[in-house]
Amino acid sequence: MDLKRYFQPCVNIVRCGKFASACILLVFISFCLCASAKAAEHAPSGGTESQPQPAADPFVLPYAQPSQAEKTSEAIAPSFDRPLAAPLQAPPGAAPDKAPSDVSRPGPVMPQAAKPYEPAEHIPNVFSVPLAVLNPFGKLDETGQFLDFLEPYFFNMTHNPLQVTIKLGRGGADAWGTIEDLAPSGNSAALIIMPNLVLRGLHPYSTYRLGEVCPEFVLAEVPLALWVPENSPYANLRDLIQDAFMHPGALVMGGGGSYSAPHLAALQFCRAAGITAGYAAYMGTEDAMKAAQDGKVKAVWGYALAEPGKTQKMRPLAVAARLRSPALPDLPTFDEQKVDMFASASFGFTLPLGVGEPERVIWHDLFSRMSSDQEFVNAALQSGFYVRFIGRPEIVRWFTEQTDVWREQLSGFGLLR
């Protein structure tokens with residue numbers, strides 16, 4: 001039997017397959033060579049390929065009517081257990097907070113590194129008139145308490161008092177948006193709270209840009225605390241959490257401003273405790289505590305200071321710090337009550353852009369020396385303020401890193417995308 005006659009067609013097919021595979025391989029190699037030559041023509045002269053730049057990260061804050069919530073002191077944000085999908089827009093017939101110049105701009109532009117600090121030998125008395133300080137919150141709020149605490153020490157060092165002007169609105173944004181209206185002589189400044197300065201600066205309707213309003217230095221840090229009225233049925237934090245579990249969405253907590261340290265703390269608490277709750281934004285902590293006493297909210301996110309318990313008939317349930325506060329030594333931490341949560345705010349000052357370098361050095365030197373005074377540090381601690389001076393040039397790196405952290409937290413809660 002002639003087997004070759006039967007297998008010859010198969011042999012021919014195999015030979016044709018090899019030839020076809022070889023042709024395909026040659027075509028692929030030619031294509032790769034052409035692509036490499038084309039890329040080499042467009043490569044920069046330095047010999048390295050240019051990396052594509054990431055696209056700008058436009059952000060939209062889907063918070064319904066933030067300014068209206070703060071001005072009426074009664075609007076309540078949706079629950080935190082679901083994303084806020086409604087786009088930010090003004091109510092019908094009302095003007096928006098302020099039209100943004102570029103809503104889709106990327107993240108904040110950080111300032112260039114400051115010049116190396118050169119301490120002055122003696123503090124010249126440039127404060128020949130009372131120092132004008134812009135307070136973004138009320139007299140009885142944490143910023144007012146902080147300035148009241150600072151004033152005697154400031155007077156002893158400069159022989160001039162503080163002249164405080166209060167400008168309320170939008171979690172501090174209304175005050176910080178007018179910082180450039182202050183005199184650039186070095187005798188005017190604005191008190192700042194972070195993360196409020198950053199969170200409000202990320203708002204598309206912000207009245208300022210973070211590259212223009214930056215901290216000159218940070219002087220103190222204050223942990224946040226959860227407060228309830230003296231007659232509240234919640235004896236402790238566990239009672240509040242259990243009630244929130246039994247009645248999902250019924251718990252409403254208040255605080256000073258939206259996109260602020262209290263707002264962020266409320267979001268963190270809901271996630272850490274696994275509960276559903278709402279948040280009501282007020283002009284400040286003082287207004288939020290008055291609302292709690294009137295029964296409009298059940299709890300308030302404020303600060304671990306002794307003053308609210310003395311003057312506003314409020315009592316704290318927990319402090320969001322790793323250790324108990326010397327101002328409230330009997331107050332347990334959230335961690336002690338099995339809730340993994342830490343939250344704080346930093347207090348500092350910002351100066352108008354037009355202030356000269358000599359005046360900035362004087363400011364830095366004065367508060368650096370104040371923060372080194374052990375008597376000042378101990379007194380601040382008893383009042384609830386942890387002295388933590390961050391000056392030049394470290395303040396630029398710290399502010400940049402913290403801005404990234406707070407921006408990521410907002411994104412994680414669906415408030416920034």
Side-chain angles (χ1 to χ4, degrees), residues 114-137 139 141-165 175 179 182-183 185-194 196-197 213-223 303-307 325-327 344-352 355-399 402:
K115 298 178 181 178
Y117 171 58
E118 299 177 1
E121 242 178 299
H122 302 287
I123 300 178
N125 189 12
V126 298
F127 305 109
S128 57
V129 296
L131 177 67
V133 176
L134 196 59
N135 180 5
F137 290 97
K139 172 69 175 176
D141 287 328
E142 52 284 343
T143 54
Q145 297 177 50
F146 184 64
L147 291 173
D148 286 345
F149 173 78
L150 279 184
E151 185 164 17
Y153 295 94
F154 184 84
F155 183 84
N156 289 339
M157 299 185 74
T158 65
H159 307 292
N160 280 291
L162 297 177
Q163 187 175 21
V164 180
T165 301
I179 182 66
L182 300 179
S185 59
N187 297 97
S188 302
L191 184 66
I192 56 174
I193 302 181
M194 288 169 287
N196 294 35
L197 180 72
V213 182
C214 301
E216 191 69 23
F217 56 84
V218 166
L219 185 59
E221 188 173 2
V222 184
Y303 296 82
L305 304 173
E307 193 65 26
S325 170
S344 65
S346 299
F347 290 57
F349 286 92
T350 182
L351 302 176
V355 174
E357 183 65 17
E359 288 79 10
R360 294 180 185 273
V361 170
I362 292 170
W363 270 83
H364 187 285
D365 189 66
L366 187 147
F367 283 96
S368 176
R369 295 187 186 190
M370 186 184 295
S371 66
S372 301
D373 183 354
Q374 195 58 44
E375 180 184 349
F376 172 79
V377 173
N378 293 337
L381 201 57
Q382 294 302 316
S383 298
F385 301 103
Y386 293 76
V387 175
R388 184 194 180 198
F389 185 81
I390 305 176
R392 312 166 71 182
E394 292 84 5
I395 187 64
V396 177
R397 177 182 57 82
W398 178 86
F399 186 53
Q402 287 299 120

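Quantities reported herein were computed from a predicted structural model and do not represent experimental measurements.
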Taking all atoms of both residues into account, what is the closest heavy-atom pair of [X] and [Y], and its distance?
X: Ser188; Y: Leu131; result: N-CD1, 4.0 Å
X: Pro326; Y: Leu381; result: CG-CG, 3.6 Å
X: Ser383; Y: Leu305; result: O-CD2, 3.3 Å
X: Ser325; Y: Gly384; result: OG-CA, 4.4 Å
X: Ala183; Y: Pro352; result: O-CG, 4.0 Å
X: Pro215; Y: Leu197; result: CD-CD2, 4.1 Å

Partners of [X] by side-chain contact (heavy atoms from CB on, under 4.5 Å), sequence neighbours excluded?
X: Ser372; answer: none
X: Pro358; answer: none
X: Ala380; answer: Phe149, Phe385, Val387

Are the side chains of [X] and [Y] in touch, meaning some heavy atoms are under 4.5 Å apart?
X: Ser185; Y: Glu359; value: no
X: Met194; Y: Gln402; value: no
X: Gln163; Y: Val133; value: no
X: Tyr386; Y: Pro223; value: yes
X: Ile390; Y: Phe399; value: no
X: Thr158; Y: Leu366; value: yes
X: Ile179; Y: Leu134; value: no

Out of curiosity, [X] [atom1] to [Y] [atom2], how far, rounded to the nearest 0.5 Å?
X: Phe154; Y: Asn160; atom1: CZ; atom2: CG; result: 7.0 Å
X: Ile192; Y: Leu219; atom1: CD1; atom2: CG; result: 11.0 Å
X: Met157; Y: Asp373; atom1: CE; atom2: CG; result: 8.0 Å

**OP:** Using the test salt bridge (charged side-chain N to carboxylate O under 4.0 Å, His left out), find all partners of Asp148 that sit at least two apart in sequence or belong to another chain.
**Re:**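 If we apply the salt bridge (charged side-chain N to carboxylate O under 4.0 Å, His left out) test to Asp148, skipping adjacent residues, the hits are Lys139.
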State whether the side chain of [X] and the backbone N or O of [Y] hold a donor-acceptor pair below 3.5 Å, judged by distance alone.
X: Thr350; Y: Cys214; result: yes
X: His364; Y: Arg392; result: yes
X: Asn135; Y: Phe137; result: yes
X: Asn156; Y: Pro152; result: yes

**OP:** Determine the interplanar angle of the Trp363 and Phe349 rings, folded into 0 to 90°, and report it as parallel if under 30°, tilted if 30 to 60°, perpendicular if over 60°.
**Re:**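 Aromatic pair Trp363/Phe349 classed tilted.
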Subject >> Parallel, tilted or perpendicular, as decided by the 30° and 60° cut-offs, for the rings of Phe376 and Tyr153 >> reply: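 If you compare the ring of Tyr153 with that of Phe376, the planes turn out perpendicular.
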**OP:** Starting from the C-alpha separation in whole Å, work towards a yes-or-no answer on side-chain contact (heavy atoms from CB on, under 4.5 Å) for Ile193 and Tyr303.
**Re:** CA-CA 12 Å; Ile193 302 181; Tyr303 296 82; 4.2 Å; yes
Subject >> Name of the residue among Phe389, Trp398, Phe347 meeting side-chain contact (heavy atoms from CB on, under 4.5 Å) with Val218 >> reply: Trp398
**OP:** Answer yes if the side chains of Glu221 and Ser344 hold a donor-acceptor pair under 3.5 Å, and no otherwise.
**Re:**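 Yes - a donor-acceptor pair under 3.5 Å links their side chains.
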**OP:** Would you please name every residue forming a side-chain hydrogen bond (donor to acceptor under 3.5 Å, both in side chains) with Gln374, sequence neighbours left out?
**Re:**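 Only Asn378 meet the side-chain hydrogen bond (donor to acceptor under 3.5 Å, both in side chains) criterion with Gln374.
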Subject >> side-chain hydrogen bond (donor to acceptor under 3.5 Å, both in side chains) against Ser371, all qualifying residues, sequence neighbours excluded >> reply: none
Original post:
Got a salt bridge between Arg388 and Glu394, using NZ or NE/NH1/NH2 to carboxylate O under 4.0 Å?
Top reply: no
